[in-house]
Structures are given as structure tokens and as C-alpha cells.
Amino acid sequence: MRNKEVSEKFYELAEIAELAGENPFKVKAYLEAARVIENLTVPIEDLAASGKLEEVKGVGKSIAQKIKQYLTSGRIDKLEELKKQVPETLLQMEKIPGLGAKRVKVLYEKLDIRTIDDLKRAAEEGKIREIEGFGEKTEKNILEGIGMMRDKKSDRVSIGIALPLAEKIVESLRNHSPVEKILVCGSIRRMKDTIGDIDILVTSNKPDKVMDYFASLDVVKEVIAKGDTKTSIVTFENLQVDLRTVEPDSFGAAIQYFTGSKQHNVRLREIAIKKNLKLNEYGLFDLDTNRKVAGITEESIYEKLGLQWIPPEMREDTGEVELAMDGKLPRIVTIDDIKGDLHVHTNYSDGSDSIEGIARKAMKMRYEYVVLADHAKALGIAGGLSMEKYKKEKDEVDTLNKLLKPFKIFLGTELNILANGEVDFKQEELSFFDLCLAGIHTGMSQDREQITQRIVKALGNEYVKIIVHPTGRIIGGRDEYSVDIDAIFAEAKKYNKGFEINASFERLDLNEVNSRKATESYGLKIEIGTDAHSIASMDNMRYGVGVARRAWLTKKDVINAKTLKEFERYLKS
DNA sequence: GCCGTTTTCGGCCCGACTGTTTTCAGTCG
């Protein structure tokens, strides 16, 4: 699977081409290709091998040829050629706010500025203001920009941090200021796994009161800008939050616009043009009469464009617009479809709550069942259990099941896939459990081949039904371990094994691309489990469902969307 | 460089903001 790698090459090609002053539409074509390849659910090397590259939308003859060249030789002639024209070091300068390709190119050509250090020196010496089109203010902004860039730390946080914060702000605004409609838009509404900033839209007949109250919230560390229609603040988590007021008759258009994604919006505007309409954040307009034909609700905009309303999680321009046009959008899974949590830790291992507490929480969430999956013995650091301890746990489960009927608690285990691919217990011991999950918790620095083989071996174990947190990534913590995900999916297909979307917001692993690939290309089933170590974190299910929805999963793709009866049948299969 | 419900050439999203301009280019989201 070299999709990511190829995609990155084309992002690089686009950036360098832009700096070199290539035709902007050519640059756009490279960018589009990079984005499409990134989201492919089949390995690009397979497409190349079977001559199907040009069937991918956005890949034509020339780009197909470049992909083939890269796959076979590791280089793209065009890219090497461009690198001779413009130094690669110019790319870092584009990260300075206010500097784009055009100005970086001018700075390079006029003053031979190649690095940020060159730039800083030139600005301090007052040379930049002398260039045509630049001035004193620009020079000052560049210096400030360099400082800001260097101060800036990690720029995106997990949705598990951003969403609760956004909800808290919305709640305060609702209770203490004169808002009418209010909605969190942007990547939060699309349930992206990481969030760069928070966008909140409101309507109000006293917008200044809303703005004042917003700026005075206790989460505010700094007010960046405060105006009539937009106020920006930074929270103590270093997240920027923008609050905008919009006119009520534009609210639908505004939430559509600010929800994005950018690519999705571009597609919508293209469709609008073909229908002699124009779409912007104020509404959908007839180009002849300039009259607004939709805008109060989001639904009306999609309808007038001849599209089904598209769930925000799907708005990434990865094929959803075409389906909506044909009225064929899939019914993606919802939180209400979830009937159980298959990955919860109790205080028998490193969880903090009792079995009964967990069961009652699950019942409160309207689940029909829950699977306890405490760590097995090899993970000593997390209180991994011996078979004797599991037997004790099982006794408690049996007692509670009589009490809580028809709700059902299952006894599972979270096995460790050891360095040699074996798991903690012998086969005859594994038969004791209702469900065996297995995951890698140690030896993550093994090479790609070793880790792949470990998981392949675990998949061959007849008792292991689901691989948990399959790539091991921690958002903002550690990268995924090196693993051949296609090899694993292909192997799992043989035995009908499942994979987890770990709903813990630091993991969200599988991610959306791999989840979509698992179901779409391999027909695999997905389990969404919270990996909760406390009752409170069982609520993280919504983040896992968010990933599933972004991966277009339907109810039938999700193991824990089964009813209790269906789930019991699954366990016996 | 790609693409096709006003197709194989001539298009390719939209508006706000800023700073440099005297009518607009560049950047951003």
C-alpha cells in the first residue's frame, strides 16, 4: 500500500510547481490528484499494475505516467526538473502567515532569499520594503509572522478535546445570551478526528450582546478580534474559537459554507454554475435575476442543487456528491444503531469501575449488551489477568446477568499479540471466553514485515475474532507502527475476522481511510469499541461512530450494531 | 493537467481581508 507515499509526492509536486510559476490549473490538477490518491481505498500499485490508473477521477494520461514512473523508479522526472528551477527550501517560507507562492517567488528572484533566515535578515535590513508590491507594513508582518511561526506548537487537537469544549461554549451562550439559532460547524460538525479551530454560527437580534458575553467566557485566554459579525478568541487549550453572527435568512447557507469541507463546497459551487446558479455563504442565487432561491435551511440548498442532503461527516468530496445526485447515498450508521460496547475494562484489571457500574451505564445508554475485555496476563503493567482471575470475574458476570436480564454481560478478553504472534493463553483456555479481542501492546518498533506477520499469525488463531487498535497510533503522541494493512485485511478476509475502530479519542484507530478500505474493498466487519477504563469514557462511543460515518459505514458493517440475538449468533459462528 | 446533462476545446469556486494600490493582486479559509 503506497497510496500515502504517492499522494505525498504529488502534494510536493504541486507545491514546487506553484513556486516555479507553472499554470495554476496544472497545480490544481496535481493537488486534486494527491487528494484523490490519499483517499483511495484500493492500493495504487494494483491500479497501476492492471492499467486502471486513468479510471480514477482526477488522474489523466500525464499523471498516470508520473505515478507509474514513481512506483517503478522512486522518482518523478518532472519533480526533479522543477527542483532545479526553485530551491526546495522555499517551501518552508510559505508557512509564514501572509506569504504565499507568488511572494516567496518574488523574494527569491529579487533578493535571492532562500531560507527563513535569509528572509529575517532582509526584513531587518529594510530591503523588503523596496520591492515593488511590498511595503513597510508587509515587511513588519513578515517579521511578526516568523516569530509567530516559531512560537506555534502542535496546531490540531483530538476531537475528544475540541467537541466537549465547543458544547460547553454553546451551552453557556444559550443560557446566558440572546442567541436564537446556534450551531457548531467546521471540522467538528464533520467529526474529523483532529480539529484545528472551532467555528460557531449564531443568529440573534442582539448580536453585540452575544459577542460581549462570548468574549467574557471563562474559557477565554485571549481575545484576538472583536467585531460586529465575528469574534475570535483563544482558549486555555490554545484552540481558536470563532463566533459569527449571520442573518436568519442566510443561516442555512452559512452553516453549509462553514461546515465544509472546502473541496465539498467547491463541488457544490461547480454544480450551481451548471444550473445557472451561484452559491456562497449568503445563499443560492439565480444568476439571471440575482434572486435568492435558497438559503434559510441547508436542506433547501442541497435540494435546489438536485442533491440529497448529505450528512456532514461525508462532505469530503470523495464520491458523496455523485451519489447524492443519483439519490443513492448510503444510510450511514448512527449512534442509535449501536447496541453494545465490546471493549470495556473493569477494576479487575486497570479499569476504575465495577462490572455492575459498567453494566448499568450500558443499560442507561440503551445498549442490549456489553463485553468486558480486561487485559490478559502478559500486560502486567495494566494489571493483566490470569485465568484464575478471569474465572472469578466470570462468576460475578453470571450472577449479574441473572439480576439484569434481558441485558447481557459477556466475558471477553483483550489478548496481547506477543512478539512471536502468539497470544497469552493456550487454545483450550481461550475457549473459556465469550469473545477474544487481540492487539499489539508491546514490540511496536519491530519492522514492517515482523509486525505484519505477528498480526497475520494472530488472525489465524481460531479464537481471535477481532484485532483492536490495529495500527497503534496515538493522536498527538506516537505514529502508527509500520504495518502492511492490505496484507492484514486480505488475511482477515479468509477467516472473516473483524477490526476495531477504537473510539478512545486519543486513538480513533482504525482511522477513516482504513475503515472505509476494510469494508469497501475487503468486505470486512468493524467493531466500534471505547476501550473505556471508566464509566465516563464509555460516552466516547460517539467519536468512534464519527469515524465510522466518515468511512461511510452502514449498520450492517458494524458488529456491535447487531441486536443481542444477532450478536450471540455471531459469537457462536 | 483534467474533464464533459449547453463535450474534445475552453473552461477550471467564492468572498473577505489586507496592503498596496488609483483599480487590484495576493492570501486565506
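All chains are named by letter (A, B, ...) in the order of the sequence lines, taking the proteins before the strands, and each is independently numbered beginning at 1.
- Within the 4.0 Å cut-off from OP1 or OP2 of B/dG26, at least one side-chain nitrogen or oxygen of A/Lys102 is found.
- Taking atom P on both B/dG11 and B/dT6, the two are 16 Å apart, rounded to the nearest angstrom.
- The distance between atom CD of A/Glu22 and atom C1' of B/dC2, rounded to the nearest whole Å, is 15 Å.
- The partner of B/dT8 cannot be assigned: no Watson-Crick or G-U wobble pair with both contacts below 3.5 Å exists in any strand.
- Comparing A/Ala29 and A/Thr229 against DNA chain B, the residue whose closest nucleotide sits nearer the 5' end is A/Ala29.
- Nucleotides B/dC9 and B/dG15 are separated by 31 Å at their P atoms, to the nearest Å.
- Closest of all the heavy-atom pairs between A/Ser250 and A/Lys292 is OG-NZ, 3.2 Å.
- One interatomic measurement links the two molecules: NZ of A/Lys230 to C1' of B/dG29, which rounds to 9 Å at whole-angstrom precision.
- Checking B/dG26, B/dG1, B/dC14 against every side-chain atom of A/Arg103, the shortest atom distance belongs to B/dG26.
- Dashed line: the shortest gap from a side-chain N or O of A/Lys137 to OP1 or OP2 of B/dG19 is under 4.0 Å.
- Look at CD on A/Glu322: it is 14 Å from C1' on B/dT5, rounded to the nearest Å.
- For A/Asp509 against A/Gly472, the heavy-atom pair with the smallest separation is OD2-N, 2.7 Å.
- Between the side chains of A/His264 and A/Glu320, a donor-acceptor pair is found at a separation under 3.5 Å.
- Considering only side-chain atoms of A/Lys262, the nucleotide from B/dG1, B/dG29, B/dA16 that sits closest is B/dG29.
- A close approach under 4.0 Å does not occur between any side-chain nitrogen or oxygen of A/Tyr257 and OP1 or OP2 of B/dA16.
- Contact annotation: A/Asn141 reaches the phosphate of B/dG19 (side-chain N/O to OP1 or OP2, under 4.0 Å).
- B/dT22 and B/dC17 have their P atoms separated by 22 Å, with the value rounded to a whole Å.
- Contacts of A/Glu281 with the nucleic acid, taken as non-hydrogen atoms under 4.0 Å apart, involve only primed sugar atoms and P, OP1 or OP2.
- Contact check, A/Lys66 against B/dG1: a side-chain N or O comes under 4.0 Å of OP1 or OP2.
- A cation-pi contact links A/Arg103 to A/Phe134, judged by a cut-off of 6.0 Å to the six-membered ring centre and 45° from its axis.
- Within the 4.0 Å cut-off from OP1 or OP2 of B/dG15, at least one side-chain nitrogen or oxygen of A/Lys278 is found.
- Nucleic acid contact class of A/Glu54 (heavy atoms, under 4.0 Å, all strands): none.
- Contact detail for A/Ile188 and A/Leu163: the closest heavy-atom pair is CG2-CD1, 3.5 Å.
- Residue A/Pro97 is in sugar-phosphate contact alone, with no base atom involved, counting any heavy-atom pair closer than 4.0 Å across all strands shown.
- Residue A/Asp317 contributes atom CG, which lies 20 Å from atom P of B/dG29 at whole-angstrom precision.
- B/dA25 and B/dT20 have their C1' atoms separated by 9 Å, given to the nearest Å.
- Taking the P atoms as reference points, B/dT21 lies 24 Å from B/dA16, given to the whole Å.
- Nucleic acid contact class of A/Val56 (heavy atoms, under 4.0 Å, all strands): sugar-phosphate only.
- Closest of all the heavy-atom pairs between A/Asp193 and A/Arg473 is OD2-NH2, 2.9 Å.
- Note: NZ (A/Lys95) to P (B/dC28) measures 13 Å, nearest angstrom.
- If you check every strand for non-hydrogen atoms under 4.0 Å, A/Val59 touches sugar and phosphate atoms only.
- Residue contacts shown for A/Leu268 are absent, as no nucleic acid heavy atom lies under 4.0 Å away.
- Across the protein-nucleic acid pair, A/Leu31 atom CG and B/dC12 atom P stand 18 Å apart, rounded to whole Å.
- Within the model, atoms CZ of A/Arg35 and NZ of A/Lys28 stand 10.5 Å from one another, a figure rounded to the nearest 0.5 Å.
- Contact annotation: A/Thr138 does not reach the phosphate of B/dG19 (side-chain N/O to OP1 or OP2, under 4.0 Å).
- Separating the CZ atom of A/Arg35 from the C1' atom of B/dC2 is a distance of 14 Å, rounded to the nearest angstrom.
- Of the two residues near DNA chain B, A/Asn265 and A/Glu94, the one whose nearest nucleotide lies more 5' is A/Asn265.
- Of the P atoms belonging to B/dG29 and B/dT23, the separation is 30 Å, rounded to the nearest Å.
- Taking atom CD on A/Glu136 and atom C1' on B/dT21, their separation rounds to 16 Å, with Å as the unit.
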